[in-house]
> 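Got a structure here, written out as structure tokens. Questions coming.
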Amino acid sequence: MLQIFNTLSGRKEELRTLEPGVVRMYVCGDTVYDYCHIGHARSKIAFDVVRRYLAYRGYKVTFVRNITDIDDKIIKRAAENGEPVQALTARFTAAMHEDYDRLGILRPDFEPKATEHIPTIVSMTQSLIDKNYAYVASDGDVMYSVSAFKPYGQLSGRQLSDLRAGARVAVDEAKRDPLDFVLWKQAKPGEPSWPSPWGAGRPGWHIECSAMTLDLLGTRFDIHGGGLDLKFPHHENEIAQSCAATGEQFATYWMHNGFVNVDNEKMAKSVGNFFLIRDVLGSGHVRDPEVLRFFLLSSHYRGPINYSLTQIEQADTTLARLYSALRDVVPAQRWEASEATGKFVAAMDDDFNTPDALAALQWLAGEINKAKGVDAARAAAFAAELKHLGSVLGVLQASPAAFLQKSAKGQGTESASGLSESAVEELIAARAAARKSRNFKESDRIRDQLAQAGIVLEDKPDGATLWRRG
RNA sequence: GGCGCCGUGGCGGAGUGGUUACGCAGCGGUCUGCAAAACCGCGUACGCCGGUUCAAUUCCGGCCGGCGCCUCCA
């Protein structure tokens with residue numbers, strides 16, 4: 001039984017989809033005005049795994065993840081850069097795709113942009129005005145009236161009165177209630193705008209998700225996900241807008257991933273302690289993007305995860321161990337699921353417990369290593385199972401030798417010390433010759449030389465020598 | 001101030017009312033010309049104080065410590 005922790009109820013619930021065998025899900029994407037950092041990556045990977053696992057469990061999944069391509073930050077940044085808004089968003093959308101592709105995050109089935117759904121945004125806003133959930137404020141902006149929506153606060157577990165008491169929002173004369181939020185914003189001169197019954201303007205942030213889910217998934221769908229920081233007010237506001245506009249329940253399950261921390265503090269643009277995906281991948285500490293993905297899967301998606309170089313290095317070591325097990329083994333074409341698959345499924349069924357699922361992969365690696373050279377068929381079967389389960393998490397699909405021979409420093413075949421693959425092979429051949437003539441002093445000298453360059457050798461019983469970068 | 005989360009062995013990180021998480025590192029061993037990798041063995045950890053219980057790291061209460069949301073934020 002697949003259980004999902006539903007923020008709405010605060011507990012794990014069995015997944016019961018609106019339509020049997022079908023999951024429709026929506027995940028909040030990024031605002032494309034800058035490069036993505038590790039926190040963005042975590043959220044995308046968490047839901048990428050949710051999506052992959054649901055598909056593995058036999059569901060037909062429709063996965064939507066939006067792009068916010070119009071908002072205050074974008075306008076501000078474009079102005080600072082002196083470039084058109086569209087040029088800015090196009091540039092960072094491309095960068096985002098590049099980063100996410102490298103991390104093995106599957107492209108969504110639909111990747112809507114806010115600016116492509118303006119008609120629905122306008123009609124929903126009109127509908128909310130018609131139903132008295134929204135009003136045109138004195139400054140011309142259209143505001144949502146939170147007090148009109150009785151269940152407001154259900155997702156975040158707050159009362160309107162509590163929120164008002166601690167409100168840090170600036171007092172805005174145009175608002176009837178300090179917690180009211182904007183649905184449609186009047187354009188200032190020179191800002192991008194779209195025509196509307198309330199004048200030229202642009203959508204507020206929250207309404208775009210309500211509109212895009214409506215256009216692509218309908219009034220009701222199964223899962224809505226995003227970072228914990230979106231729970232309030234963003235998701236709360238989405239619920240208020242959608243439920244009020246359509247009279248339907250909106251999303252059944254709400255999922256929120258925890259933060260990536262640095263020194264125990266949330267990684268965030270505003271704090272300035274963020275690490276860009278591309279910077280980390282090119283830092284000389286990550287041999288392959290898969291290491292970063294593996295690291296982010298090594299703790300449960302709902303809890304915090306602390307980012308540090310030490311942690312990344314540990315992830316590299318652990319992933320290398322899994323790849324080492326797969327080396328020298330040809331995965332079987334036909335195989336039967338072992339107890340590892342049972343453990344894997346039990347772990348993933350329990351609210352996508354990836355660290356527990358990873359333990360099942362570790363067990364398989366151990367079994368492969370034990371079977372190697374003793375029972376080739378057994379090793380081959382376990383290898384096939386390991387790769388198969390790895391694919392559900394989006395890991396272990398590379399060639400083991402290629403992965404192990406990659407250098408963190410060069411992100412490719414050459415290490416910082418400059419030893420190319422062919423140079424390594426040559427030295428290994430020279431060492432083999434020395435060993436054959438029992439000139440161990442010379443063979444050890446060559447091995448030390450390679451070790452200096454970060455190359456670790458492994459002599460096999462049959463005389464072959466495998467190498468990897470340490 | 002309001003709401004909420006967390007505190008596990010050297011590190012990371014699951015989990016459970018009584019029985020092994022798992023990985024890394026460390027120690028010992030097997031293998032090896034020597035290594036490396038692998039395999040075998042080794043660590044009785046659950047913030048503090050009470051309570052419930054035959055039994056609590058696991059349930060309840062309090063405390064201390066850390067964090068998050070309440071404003072843009074994955």
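The shown structure was predicted, so the numbers you read here are calculated from the model rather than taken from an experiment. Because only heavy atoms are used, hydrogens play no part in the values below, and waters and symmetry mates are left out as well, while side chains stay in.
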> Please work out if L230(A) contacts a base, only the sugar-phosphate, or nothing of the nucleic acid, heavy-atom cut-off 4.0 Å.
sugar-phosphate
> Which part of the nucleic acid, if any, lies within contact of R65(A), taking any heavy atom under 4.0 Å across all strands shown: a base, the sugar-phosphate backbone alone, or nothing?
nothing
> Which part of the nucleic acid, if any, lies within contact of D356(A), taking any heavy atom under 4.0 Å across all strands shown: a base, the sugar-phosphate backbone alone, or nothing?
base
> Once you round it to whole Å, what is the distance between P of G13(B) and CG of N261(A)?
10 Å
> Contact class for D72(A) (heavy atom, under 4.0 Å): base, sugar-phosphate, or nothing?
nothing
> Considering every strand and a 4.0 Å limit on heavy-atom distances, what is the contact class for N369(A): base, sugar-phosphate, or nothing?
sugar-phosphate
> Rounding to the closest angstrom, what is the interatomic distance between G43(B) and C49(B) at atom C1'?
28 Å
> A74(B), OP1 or OP2 - any side-chain N/O from K269(A) closer than 4.0 Å?
no
> Pick base, sugar-phosphate or nothing for V27(A), based on heavy-atom distances below 4.0 Å to the nucleic acid.
nothing
> Let's test your reading of the model: under 3.5 Å, does the base of C34(B) pair with the side chain of D459(A) as donor and acceptor?
yes
> Would you mind building the protein contact string for nucleotides 4-10 of chain B? One character per nucleotide, 5' to 3', B for base within reach (heavy atoms under 4.0 Å), S for sugar-phosphate only, - for untouched.
-------
> State which of C72(B), G13(B), A74(B) makes the closest approach to the side chain of S270(A).
C72(B)
> At under 4.0 Å between heavy atoms, what does H234(A) touch on the DNA or RNA strands: base, sugar-phosphate, or nothing?
nothing
> Rounded to the Å, how far apart are D349(A) CG and G15(B) P?
14 Å
> Both atom distances under 3.5 Å, Watson-Crick or G-U wobble: I'd like the secondary structure of RNA chain B as a dot-bracket string, with | for pairs made across strands.
(((((((..(((.....[...))).(((((.......)))))....(((((..]....))))))))))))....
> Of the candidate nucleotides A74(B), A36(B), G12(B), which contains the atom at the shortest distance from the side chain of Q311(A)?
G12(B)
> Look at the side chain of S443(A) and decide which nucleotide, out of G13(B), A74(B), G33(B), has an atom nearest to it.
G33(B)
> What's G303(A) touching, base or sugar-phosphate or nothing? Going by heavy atoms closer than 4.0 Å.
nothing
> If you go through the side-chain atoms of R447(A), does one of them form a donor-acceptor pair with the base of C34(B) closer than 3.5 Å?
yes
> Under a 3.5 Å threshold, yes or no: a donor from one side chain and an acceptor from the other, between D48(A) and Y100(A)?
no
> Using heavy atoms to find the nearest nucleotide of RNA chain B for L228(A) and R438(A) separately, return the residue whose nucleotide is more 5′.
R438(A)
> Reckon E458(A) touches a base, only the sugar-phosphate, or nothing at all at heavy-atom distances under 4.0 Å?
base
> Where the side chain of T318(A) is concerned, which of C70(B), G33(B), G23(B) is the nearest nucleotide?
G23(B)
> With rounding to the closest Å, how many angstrom separate the C1' atoms on G9(B) and C42(B)?
14 Å
> Measure the distance from CG on L466(A) to P on A38(B) and round it to the nearest whole Å.
12 Å
> Any side-chain N or O of N353(A) under 4.0 Å from OP1/OP2 of G15(B)?
yes
> Answer yes or no: is there a donor N or O on one side and an acceptor on the other, between the side chain of R287(A) and the main chain of L404(A), under 3.5 Å?
yes
> Using a 4.0 Å heavy-atom cut-off across all strands, classify T317(A) as base, sugar-phosphate, or nothing.
sugar-phosphate
> Determine the Euclidean distance between corresponding P atoms of U8(B) and U57(B); express it in Å to zero decimal places.
15 Å
> Identify whether any heavy atom of E313(A) sits under 4.0 Å from a base atom; if not, whether one sits that close to sugar-phosphate; answer base, sugar-phosphate or nothing.
nothing
> Just to be sure I understand the rule, does K370(A) reach a base, reach only the sugar-phosphate, or reach nothing, if contact means heavy atoms closer than 4.0 Å?
sugar-phosphate
> For atom P, what is the distance between G12(B) and A25(B), given to the nearest Å?
15 Å
> U58(B) and C46(B): how far apart are their P atoms, nearest whole angstrom?
11 Å
> Out of C22(B), A74(B), G33(B), which nucleotide sits closest to the side chain of D444(A)?
G33(B)
> Rounded to the nearest Å, what distance is computed from the NZ atom of residue K73(A) to the P atom of nucleotide A74(B)?
7 Å
> When you compare the side chains of E208(A) and N66(A), does any donor N or O come within less than 3.5 Å of an acceptor on the partner?
yes
> Might you work through the salt bridge (charged side-chain N to carboxylate O under 4.0 Å, His left out) test for K343(A) and D356(A), ending with a clear yes or no?
CA-CA 8 Å; K343(A) 285 182 178 170; D356(A) 203 11; over 6 Å; no
> In whole angstroms, how far is the P atom of A35(B) from the NZ atom of K460(A)?
17 Å
> Looking only at side chains, do E236(A) and S156(A) share a donor and an acceptor under 3.5 Å apart?
yes
> Which nucleotide in the list A14(B), C69(B), A35(B) gets nearest to the side chain of F232(A)?
C69(B)
> What's the OH-P distance between Y152(A) and C3(B), to the nearest Å?
17 Å
> Could you work out, with side chain to side chain donor-acceptor pair (under 3.5 Å) as the rule, every residue matching E426(A), not counting sequence neighbours?
none
> Roughly, in whole Å, what's the span from CD in E339(A) to P in U20(B)?
16 Å
> Quiz question: by atom type and distance under 3.5 Å, do the side chains of R57(A) and Y53(A) form a donor-acceptor pair?
yes
> Considering only NZ, NE, NH1 and NH2 on the basic side and carboxylate oxygens on the acidic side, decide whether K73(A) and D71(A) come within less than 4.0 Å.
yes
> Do D30(A) side-chain atoms and V32(A) backbone N/O form a donor-acceptor pair below 3.5 Å?
no
> Check this for me, if you would: do D141(A) and K175(A) make a salt bridge, where the nitrogen-to-carboxylate-oxygen distance has to be below 4.0 angstrom?
no
> Answer whether the closest heavy-atom distance between the side chains of F250(A) and H224(A) falls below 4.5 Å.
yes
> For C6(B) versus G15(B), give the span between their P atoms, rounded off to a whole number of Å.
11 Å
> Taking the basic N atoms (NZ, or NE/NH1/NH2) and the acidic carboxylate oxygens, is any pair closer than 4.0 Å for D109(A) and R51(A)?
yes
> Counting any heavy atom closer than 4.0 Å, what does G373(A) reach on the DNA or RNA strands: base, sugar-phosphate only, or nothing?
nothing
> How far does the P atom of G10(B) sit from the matching atom of U16(B), given to the nearest Å?
23 Å
> Out of curiosity, I277(A) CD1 to R42(A) CZ, how far, rounded to the nearest 0.5 Å?
13.5 Å
> So which nucleotide from G33(B), C69(B), G23(B) ends up closest to the side chain of F440(A)?
G33(B)
> Distance check, C1' atoms only: G47(B) and A38(B), in whole angstrom units.
39 Å
> Does A25(B) have its OP1 or OP2 closer than 4.0 Å to a side-chain nitrogen or oxygen of R321(A)?
no
> So, are E98(A) and R102(A) salt-bridged, with charged N and O less than 4.0 Å apart?
no
> Quick one: I305(A) CD1 to C11(B) C1', roughly how many Å, whole number?
14 Å
